[in-house]
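This report refers to the structure that appears directly beneath it.
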There are 2 protein chains.
Amino acid sequence: MSGKEQLSEGINACPVTYALKLIGGKWKIPILWVLSQNGTMRYNELKRRISGITNMMLTQSLKDLEANGLIKRVQYMEIPPRVEYSLTDAGMSLLPALAELARWGTEQMKQYNNKCDIAGGNTSQ
Amino acid sequence: MSGKEQLSEGINACPVTYALKLIGGKWKIPILWVLSQNGTMRYNELKRRISGITNMMLTQSLKDLEANGLIKRVQYMEIPPRVEYSLTDAGMSLLPALAELARWGTEQMKQYNNKCDIAGGNTSQ
DNA sequence: CAGAATCCTTTCTGATACTG
DNA sequence: CAGTATCAGAAAGGATTCTG
């Protein structure tokens, strides 16, 4: 997932497999999600919003996403440097899927918390 | 993602991050997808349908998914052994998200193939 | 048939330092 | 500010062999 693979496979590929080639890996979906929530964002803003990501993985994932046309990178020639990231139209077209995923995640979190309350497992906060 | 982590984090977790804890990694979405397309499936049937997966990853991913309540495993005490996997209700509730992902993947494949046709890159078939 | 075990490779992390 | 470089260690994933 280092931005070097070919996306071909022509016809017989599964659309889900194909989608995961574009947005698979640990950080791409989180990146797309925070971008969808916040619009245009700068590098360090992204880094702050995505808890746990390292410079290396953020840089690499941004590069991959840009190479696949899902995000747009605009660099302003200033001192100090400013670089802004945002979703392209192709990236935007993923939003319904991300929204469904978020909805599902919310639902699952509720289920889990309910179970924990009943089992007395985790009442922290 | 080896089935040992805690899913807690109580409140302040992002629903997308939470969702990815349940279905993140390389093989879980493909597994859920083929199960959603084929209903109940046996181990080797899954293996055949998911190109590239190894025994280890299939076994591990199935265990994780079962532990998180997304799939159901039914083992028949026969010789030769028979084990059937299917989606639970929680697994089913992910279907809208998977369908959106598949739709998006199809869309992106078209875009890519168009670009390739224009550039003369990949006219295979 | 449905895996478990073992060993090996790749990817990711964490910390720290450096650059234009 | 927005990265890049390096390197040790951990984790995820892969390949192969073996078993009830």
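Keep in mind that this is a model prediction, so the values were computed, not measured. So that the names make sense, note that chain A is the first sequence line, chain B the second, and so on, each numbered from 1.
Per the geometry, NZ belonging to Lys47(B) stands 10 Å off C1' belonging to dA2(C), to the nearest Å. Between Leu62(B) atom CG and dG13(D) atom C1' the separation is 15 Å, expressed in whole Å. One interatomic measurement links the two molecules: CD of Gln60(A) to C1' of dT6(D), which rounds to 16 Å at whole-angstrom precision. Atom CG in Leu46(A) sits roughly 9 Å away from atom P in dA2(D) (whole-Å rounding). Here dC1(C) presents its C1' atom at 14 Å from CE of Met77(B), a figure rounded to the nearest Å. Rounded to an integer number of Å, the gap from CD of Glu78(B) to P of dA2(C) is 10 Å. Between the P atom of dG3(D) and the CD atom of Glu84(A) lies a distance of 12 Å, rounded to the nearest Å.
In this structure the side chain of Trp33(B) never reaches within 4.5 angstrom of the side chain of Leu101(B), judged on heavy atoms.
In this structure, Arg42(B) does not reach the dC1(C) phosphate: none of its side-chain N or O atoms is under 4.0 Å from OP1 or OP2. For Lys28(B), no side-chain nitrogen or oxygen approaches OP1 or OP2 of dG13(D) to under 4.0 Å. Note on Arg73(B): a side-chain N or O is less than 4.0 Å away from OP1 or OP2 of dG3(C). A close approach under 4.0 Å does occur between a side-chain nitrogen or oxygen of Lys26(B) and OP1 or OP2 of dG14(D).
Taking only side-chain atoms of Tyr85(B), from C-beta outward, the nucleotide of dA2(C), dG3(D), dG3(C) with the closest atom is dG3(C). Distance from the side chain of Trp27(A) is smallest to dT13(C) among dT13(C), dC1(D), dG3(D). In this structure, of dT4(D), dG3(D), dA2(C), it is dA2(C) that holds the atom nearest to the side chain of Asn44(B).
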(request) Might you work through the side chain to side chain contact (heavy atoms under 4.5 Å, CB included) test for Leu87(A) and Thr40(A), ending with a clear yes or no? (result) CA-CA 8 Å; Leu87(A) 297 178; Thr40(A) 297; over 6 Å; no
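Heavy-atom nearest nucleotides on DNA chain C were determined for Lys63(B) and for Pro80(A), and the one closer to the 5' end corresponds to Lys63(B).
With rounding to the nearest 0.5 Å, the separation of CD1 in Ile50(B) from CE in Met57(B) is 11.5 Å. From Lys63(A), atom NZ reaches atom CZ of Arg73(A) across 8.5 Å, with rounding to the nearest 0.5 Å. To the nearest 0.5 angstrom, Leu58(A) atom CG is 4.5 Å from Tyr43(A) atom OH.
A donor-acceptor distance shorter than 3.5 angstrom exists from the side chain of Glu45(B) to the backbone of Arg42(B), with no hydrogens or angles considered.
Looking at residues 48-58 of chain B, you'll see Asn55(B), Met56(B) sit with a heavy atom under 4.0 Å from some atom of DNA chain C.
Under the side-chain contact (heavy atoms from CB on, under 4.5 Å) test applied with Ile23(B), the options Leu94(B), Leu98(B), Asp64(B) reduce to a single match, Leu94(B).
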